[in-house]
4 protein chains.
Amino acid sequence: MTSQKRSEARKEQILKAAEKVFAKNGFHEATISGVAREAGLSDATIYEYFSTKEELLFSIPRETTRRGMERMAGYLKAIRGAGNKIRTIIYHYLLFYQNDPDYASVVMLVLKSSRKFLETEAYQVIREGFRGILTVIQEGIDSNEFRPDTDPYLVRQMILGVMEHIVIRWLLLGKPKDLLQYADPITDMILGGIENRNPTQGWDLHIRLEPQGGVGGEAGPQVSKAKRKGSSRKKP
Amino acid sequence: MTSQKRSEARKEQILKAAEKVFAKNGFHEATISGVAREAGLSDATIYEYFSTKEELLFSIPRETTRRGMERMAGYLKAIRGAGNKIRTIIYHYLLFYQNDPDYASVVMLVLKSSRKFLETEAYQVIREGFRGILTVIQEGIDSNEFRPDTDPYLVRQMILGVMEHIVIRWLLLGKPKDLLQYADPITDMILGGIENRNPTQGWDLHIRLEPQGGVGGEAGPQVSKAKRKGSSRKKP
Amino acid sequence: MTSQKRSEARKEQILKAAEKVFAKNGFHEATISGVAREAGLSDATIYEYFSTKEELLFSIPRETTRRGMERMAGYLKAIRGAGNKIRTIIYHYLLFYQNDPDYASVVMLVLKSSRKFLETEAYQVIREGFRGILTVIQEGIDSNEFRPDTDPYLVRQMILGVMEHIVIRWLLLGKPKDLLQYADPITDMILGGIENRNPTQGWDLHIRLEPQGGVGGEAGPQVSKAKRKGSSRKKP
Amino acid sequence: MTSQKRSEARKEQILKAAEKVFAKNGFHEATISGVAREAGLSDATIYEYFSTKEELLFSIPRETTRRGMERMAGYLKAIRGAGNKIRTIIYHYLLFYQNDPDYASVVMLVLKSSRKFLETEAYQVIREGFRGILTVIQEGIDSNEFRPDTDPYLVRQMILGVMEHIVIRWLLLGKPKDLLQYADPITDMILGGIENRNPTQGWDLHIRLEPQGGVGGEAGPQVSKAKRKGSSRKKP
DNA sequence: CATGAATGAGAGTTCATTCAT
DNA sequence: GATGAATGAACTCTCATTCAT
């Protein structure tokens with residue numbers, strides 16, 4: 001038990017060191033020696049806990065991701081409304097990375113481009129998180145909060161896309177200083193594109209012009225009126 | 001003259017080989033020997049044209065980017081309306097990558113995470129292209145096509161973010177098969193979030209003349225009225 | 001402790017091998033592989049102890065020179081008289097090289113022509129040794145053992161010059177077989193040029209019997225008297 | 001004829017360039033490309049005139065040495081007295097190197113440590129020159145100008161040793177600024193060790209033993225007394 | 001457990017040299 | 001005669017990884 005715990009702690013210590021070193025240098029430019037030095041251990045000790053350099057890399061997101069997901073789930077439990085949930089997701093996603101730039105670097109600059117990482121257990125956890133976003137969106141569609149023709153996959157791609165783009169810019173260029181300032185604007189823009197707009201004022205006027213031999217007893221144009229907060233988007 | 005040309009051709013040949021090899025293996029896993037083999041040349045010959053492996057990598061986007069930018073500029077010249085221009089940009093951006101997956105791989109998976117690449121001449125060309133997007137957005141704001149509170153930087157980040165995200169997914173997962181299918185949906189969603197939709201005054205009267213087997217058994221012209229701040233969406 | 005010692009021993013082992021290999025082939029013609037083979041180690045192990053080939057080369061004289069200097073200092077302590085000290089220096093200098101031809105080769109044929117070596121720590125030790133020669137000469141001047149118009153720098157250059165010349169000839173041509181046979185003649189010649197010869201007591205009476213057509217029209221034996229303090233020149 | 005001459009000129013041009021480049025970088029650090037660049041030619045052209053890099057190196061001293069020797073021989077022809085000849089040799093030797101530091105560098109720092117160079121035709125010329133020094137010394141011994149117990153080989157080694165030492169110091173350290181300032185001191189010291197020495201102070205006692213039929217009214221030995229601090233040094 | 005020490009396996013570079021033009 | 005282009009052949013150096021202690 002104690003031994004297990006100590007071992008766990010050592011692993012954590014190595015992972016923290018690895019995170020730092022990989023973040024700074026990337027995977028290939030980083031060395032096991034560097035990680036060992038950072039961890040205050042010997043090279044060989046690293047190999048007591050991780051079988052290869054690559055396994056060490058792929059182990060970094062395992063715990064952190066799981067914890068992040070859990071935390072996110074906790075936040076979401078208290079939130080009502082798909083839009084609000086999305087806002088929360090975006091906010092905490094950015095907050096999460098902002099609070100741990102090393103982790104952000106490893107994930108965004110090292111792992112994200114790795115084919116092998118996709119086959120990793122850790123990535124499956126992330127995938128699940130991503131599926132969660134999908135669920136929220138679908139929830140919003142079902143509850144009529146989002147427009148029924150919303151494509152959940154596309155929306156998710158937009159959400160992830162912008163966030164990744166911003167985080168990477170932040171990592172590489174240091175801009176913007178504060179990631180969180182983008183949380184709301186991004187959310188607004190995303191939601192702006194998908195939220196159902198109930199007509200708060202004005203009317204849609206539909207006039208039906210019937211041919212001379214009219215159907216039923218009705219003749220002349222038919223006018224239908226509907227309060228709307230209209231979006232006139234029509235997919236082909 | 002001939003010598004200059006042959007040298008240029010050889011360079012191109014090496015770059016093509018490098019593109020292929022780097023795309024397949026990434027930068028570090030790729031070897032000069034591999035590139036040389038692919039190019040049908042000796043290792044040493046590679047070094048006659050590019051001083052280091054890194055220089056070879058960074059040289060890949062130089063010409064291609066320039067040409068891509070030029071072509072894009074050509075397309076845009078014929079387009080009127082900021083929205084249409086954005087649609088064009090997105091479409092051709094995706095088309096461009098779809099037509100050259102190796103190039104896409106190198107740019108998206110190898111170069112995009114490189115701090116050093118940002119200081120490269122080639123990247124400056126790309127930056128300029130990115131600035132162009134900004135200009136188009138601003139143009140849309142100025143012409144009242146886009147909402148006045150549009151943040152051009154944010155919009156650009158959304159555009160680039162989704163596209164990058166989609167291209168990377170395509171590269172790593174092979175999904176979607178056809179990148180272009182996303183061009184319009186993305187554009188619509190982006191524009192949906194920024195196009196002016198507030199009726200500034202009066203009413204738009206839409207009259208739809210339906211064939212006899214009309215909607216809901218109804219026939220005749222349909223008139224729809226919507227308060228609006230006009231959207232000029234035109235599909236190509 | 002043990003580890004430190006073993007490491008030191010390994011370093012020594014590598015240095016010995018390097019000395020041998022560099023002596024035989026010179027710096028550039030020698031390879032790390034060759035040194036490793038000679039040392040019975042792998043190439044990589046060499047680099048565990050010396051960061052570059054050049055550092056390995058420059059490390060060769062570090063210890064040896066220090067030890068040589070120390071030993072020399074010990075010998076000199078027991079010697080009285082600047083002339084005797086110089087004799088001792090020359091003798092042991094030659095003895096030192098004769099006993100370690102590989103070392104001699106490295107120093108005389110490889111290091112001596114190296115601009116970079118001059119900026120080396122090891123060279124500073126050598127410089128100090130050279131300064132010591134200067135001190136001895138000055139001592140001889142001060143004690144009136146050497147002529148007061150002696151230029152210590154010049155004398156030192158002569159001493160070093162001949163010795164280097166002889167050692168190099170010995171290395172390249174194998175002549176003379178025994179370096180030490182030159183120790184005394186060299187010393188005598190050097191001292192012959194600088195020792196004070198003021199007669200401290202009595203007179204030397206030189207009588208020259210000239211043929212009839214004598215100097216200055218004079219004929220008959222010529223007697224020359226010179227005050228002297230005998231020179232210790234002993235030709236075999 | 002013209003073609004032969006042009007070829008000779010080209011060779012000379014390459015040699016000059018090589019001299020410069022080898023002097024600056026040493027043999028191994030220098031490249032054929034560097035020589036070609038310096039000569040304003042292509043690499044391949046170098047190989048039209050010299051079959052290998054090494055042959056190029058060894059060709060440098062061929063002409064120069066021959067010319068130097070010839071000139072030296074010319075100077076010596078006009079000089080009487082072995083001491084004076086040695087002074088001349090030392091002076092012109094230093095002058096020669098001082099006037100062409102690149103050549104000095106190549107000879108002193110590159111060729112002098114080369115075993116292979118010793119088997120070179122060019123070196124044979126140098127050897128002959130060295131033999132000349134020996135001859136002069138022997139001449140001095142025979143003429144009683146030098147002490148009969150002088151070891152010509154040793155003296156030559158001293159002469160060459162100091163000069164080499166000084167020239168190398170000059171090349172590597174830039175000291176002394178003016179090589180020639182050492183010409184006389186060196187000569188004096190060398191000669192000081194081997195010249196037949198007149199009493200330096202005190203009295204010369206000359207006794208003239210006259211034949212029986214004495215000259216004038218004087219009879220018996222004539223003694224002339226002269227205070228002197230004799231140096232038999234004669235500057236040219 | 002921890003590690004010092006050792007190394008196998010390569011990779012990137014460099015250049016002297018060749019040869020067709 | 002001159003050279004642009006190409007390359008074979010090394011060599012230095014780096015590191016992830018292993019293993020005896």
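Chain naming here is simple, since letters A, B, ... match the order of the sequence lines and numbering starts at 1 in each.
- Of the candidate nucleotides dG8(F), dT17(F), dG1(F), dT17(F) has the atom nearest to the side chain of D43(A).
- Nucleotide dA10(F) holds its C1' atom 13 Å from the CZ atom of R37(C), rounded to whole Å.
- Listed candidates were dT3(E), dG8(F), dT3(F). Nearest to the side chain of T45(A) is dT3(E).
- Rounded to a whole Å, the CD atom of E55(A) is 15 Å from the P atom of dA16(F).
- The pair E19(C)-K16(C) counts as a salt bridge, with a side-chain nitrogen and a carboxylate oxygen less than 4.0 angstrom apart.
- Contact annotation: Y49(C) side-chain N/O to dA6(E) OP1/OP2 distance is under 4.0 Å.
- Each of dT12(F), dT3(E), dT7(F) was ranked by its minimum atom distance to the side chain of E48(B); first place goes to dT7(F).
- Here dA2(E) sits opposite dT21(F) as a Watson-Crick or G-U wobble pair (both hydrogen-bonding atom distances under 3.5 Å).
- The separation between E29(A) atom CD and dC15(F) atom P is 10 Å, rounded to whole Å.
- Between F117(C) and Y123(C), the angle of the ring planes goes over 60°, which puts this pair in the perpendicular group of the 30/60° scheme.
- Atom-to-atom distance recorded for K116(C):NZ and L111(C):CG is 13.0 Å, nearest 0.5 angstrom.
- A salt bridge links R66(B) with E63(B): the distance from a Lys NZ or Arg NE/NH1/NH2 to an Asp or Glu carboxylate oxygen falls below 4.0 Å.
- Looking at heavy-atom distances under 4.0 Å, F50(B) makes no contact with the nucleic acid at all.
- Nucleotide dA10(F) holds its P atom 15 Å from the NE2 atom of H28(D), rounded to whole Å.
- Atom pair Y47(A):OH and dT7(E):P shows a separation of 18 Å (rounding to whole Å applied).
- Put simply, CD1 on I46(A) is 16 Å from P on dC1(E), counting in whole angstrom units.
- Note on A30(B): only backbone sugar-phosphate atoms sit closer than 4.0 angstrom, heavy atoms only; bases stay farther off.
- The number of heavy-atom neighbours closer than 6.0 Å to NZ of K112(A), taken from other residues, nucleotides and ligands shown, is above 12.
- Out of dA2(E), dT13(E), dA5(E), the shortest distance to the side chain of T52(B) is found at dT13(E).
- The R10(B) side chain lies nearest to dA6(F) when the options are dA6(F), dG4(E), dT14(E).
- Base pairing of dG10(E): its partner is dC13(F), meeting the Watson-Crick or G-U wobble criterion (both donor-acceptor distances under 3.5 Å).
- When distances run from any side-chain atom of I32(A) to the nucleotides dG4(E), dA16(F), dT18(E), the shortest one goes to dA16(F).
- Here dC1(E) presents its C1' atom at 13 Å from CD of Q13(A), a figure rounded to the nearest Å.
- Residue L41(A) is the one, among F27(D) and L41(A), whose nearest nucleotide of DNA chain E lies closer to the 5' end (criterion: closest heavy atom).
- Of the candidates dC1(E), dA16(F), dT17(E), the closest approach to any side-chain atom of T31(A) belongs to dA16(F).
- Distance check: F27(B) CZ to L57(B) CG gives 5.5 Å after rounding to the nearest 0.5 Å.
- Residue K53(C) contributes atom NZ, which lies 15 Å from atom P of dA10(F) at whole-angstrom precision.
- Taking only side-chain atoms of S42(A), from C-beta outward, the nucleotide of dT7(F), dG4(E), dG8(E) with the closest atom is dG4(E).
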